[in-house]
Amino acid sequence: MKNMLVVIPGIVAMILSGGTLAGPREDLLAQYAAAARTTSFSAARGQTLHTQSFSGGKPDTPSCTTCHGKDTRGAGQTLAGKTIEPVAVSVTPTRYTDPAKVEKWFKRNCTEVLGRECTPHEKGDWLTFVIGQ
Amino acid sequence: MRNPYRPLAIGLVTLAFSALVLARAQAGDRHFFAPVADPVVKEECGSCHLAFPPSMLPARSWQRMMGELDKHFGDNASLDAATTEKITRYLVANAGDAGGQRYSSKFLKGVAAGAAPQRITELPKWVSEHRKVPDWEWRHKEVRTRANCVACHSAAEQGYYDE
């Protein structure tokens with residue numbers, strides 16, 4: 001009987017938390033939102049970030065599309081010839097589900113393209129953009 | 001009259017032939033370089049470029065390279081310490097001058113003792129093997145860089161670098 005008193009609240013808690021259970025992408029967005037002190041990200045701003053040319057980074061990679069390609073649903077190619085899976089979640093559903101990997105590539109790619117790390121706001125906008133693609 | 005041992009003889013001959021072909025494919029081919037088998041090394045070294053076979057460079061080259069990942073051919077490719085160490089161990093253990101790498105020792109021919117070359121494409125043997133490739137082929141849009149082995153060696157990912 002005493003055991004039941006422990007188990008039942010446990011089950012109730014599990015069911016309740018199920019309602020707010022979010023995937024790793026949503027968790028990431030929530031983290032970026034908290035860090036950027038914002039409540040909304042914009043896919044349109046994300047798209048601009050993705051397609052515009054920067055001059056602060058390396059000359060051979062002026063924009064995200066240099067390697068990822070102009071079509072978010074198509075494969076990209078690194079400068080050394082490696083195929084990059086499409087950035088669009090609709091085509092590559094496994095993307096952005098490993099937070100460490102997402103952070104690793106934001107750091108590396110933003111440094112190469114923009115010449116600096118991306119802000120949480122930029123990351124949230126970009127992620128919102130590719131999730132909707 | 002049929003020889004009752006004929007099926008056995010055919011079987012033995014087939015087996016011997018297969019063994020011969022397999023042995024050649026596995027070791028006898030001087031254009032074979034065992035591809036990276038470790039999933040972490042494959043992921044970390046094979047996202048931007050082909051995960052080059054560790055046997056293509058001597059151990060001291062890999063040690064130097066892994067110590068300078070923040071300046072990796074113009075990119076900052078640094079990793080956390082644990083991953084860096086794990087990858088270094090794999091590369092060193094399978095390096096071209098590690099024991100049992102018969103064929104890559106030929107590939108490392110001409111590399112000065114104690115030297116730690118960083119570019120596979122600057123090894124004397126690499127240069128001589130590619131001397132007949134014309135300039136326009138290197139500039140082809142599907143090639144772009146000498147590090148893009150797969151552009152010409154279609155089975156490079158599997159370790160085969162035949163013409």
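All values below come from the heavy atoms of this structure, side chains included, with hydrogens, waters and symmetry mates left out. Lettering of chains follows the sequences in order, A, B, ..., and the numbering in each one begins at 1.
- B/Trp126 and B/Met56 fall within a single hydrophobic cluster, where Ile, Leu, Val, Met, Phe, Trp and Tyr are joined by side-chain heavy atoms under 4.5 Å apart, directly or via other members.
- Within a 6.0 Å sphere centred on NZ of B/Lys42, other residues, nucleotides and ligands contribute 12 heavy atoms or fewer.
- For B/Gly74 against A/Lys58, the heavy-atom pair with the smallest separation is O-NZ, 3.6 Å.
- Looking at B/Ser47, both its backbone and its side chain come within 4.5 Å of chain A, counting heavy atoms on both sides.
- Residues A/Phe129 and A/Ile84 do not share a hydrophobic cluster, defined by chaining ILVMFWY side chains whose heavy atoms lie under 4.5 Å apart.
- Scanning residues 68-79 of chain A against chain B with a 4.5 Å non-hydrogen threshold yields A/Gln77, A/Thr78, A/Leu79, sorted by number.
- Criterion: ILVMFWY side-chain heavy atoms under 4.5 Å apart, direct or through other members. Under it, A/Ile131 and A/Val91 are not part of a common hydrophobic cluster.
- With chain A as partner, the option from B/Ala151, B/Gly46, B/Ala147 having the largest number of non-hydrogen pairs under 4.5 angstrom is B/Gly46.
- Here the shortest heavy-atom pairing between A/Ala80 and B/Cys48 reads CB-O, 3.5 Å.
- Hydrophobic clustering places B/Leu57 together with B/Leu69 (ILVMFWY residues linked when any side-chain heavy atoms are closer than 4.5 Å, directly or through intermediates).
- Contacts from residues 96-115 of chain A to chain B, taken as heavy-atom pairs separated by less than 4.5 Å, involve A/Lys101, A/Lys104, A/Trp105, A/Arg108, A/Glu112 in sequence order.
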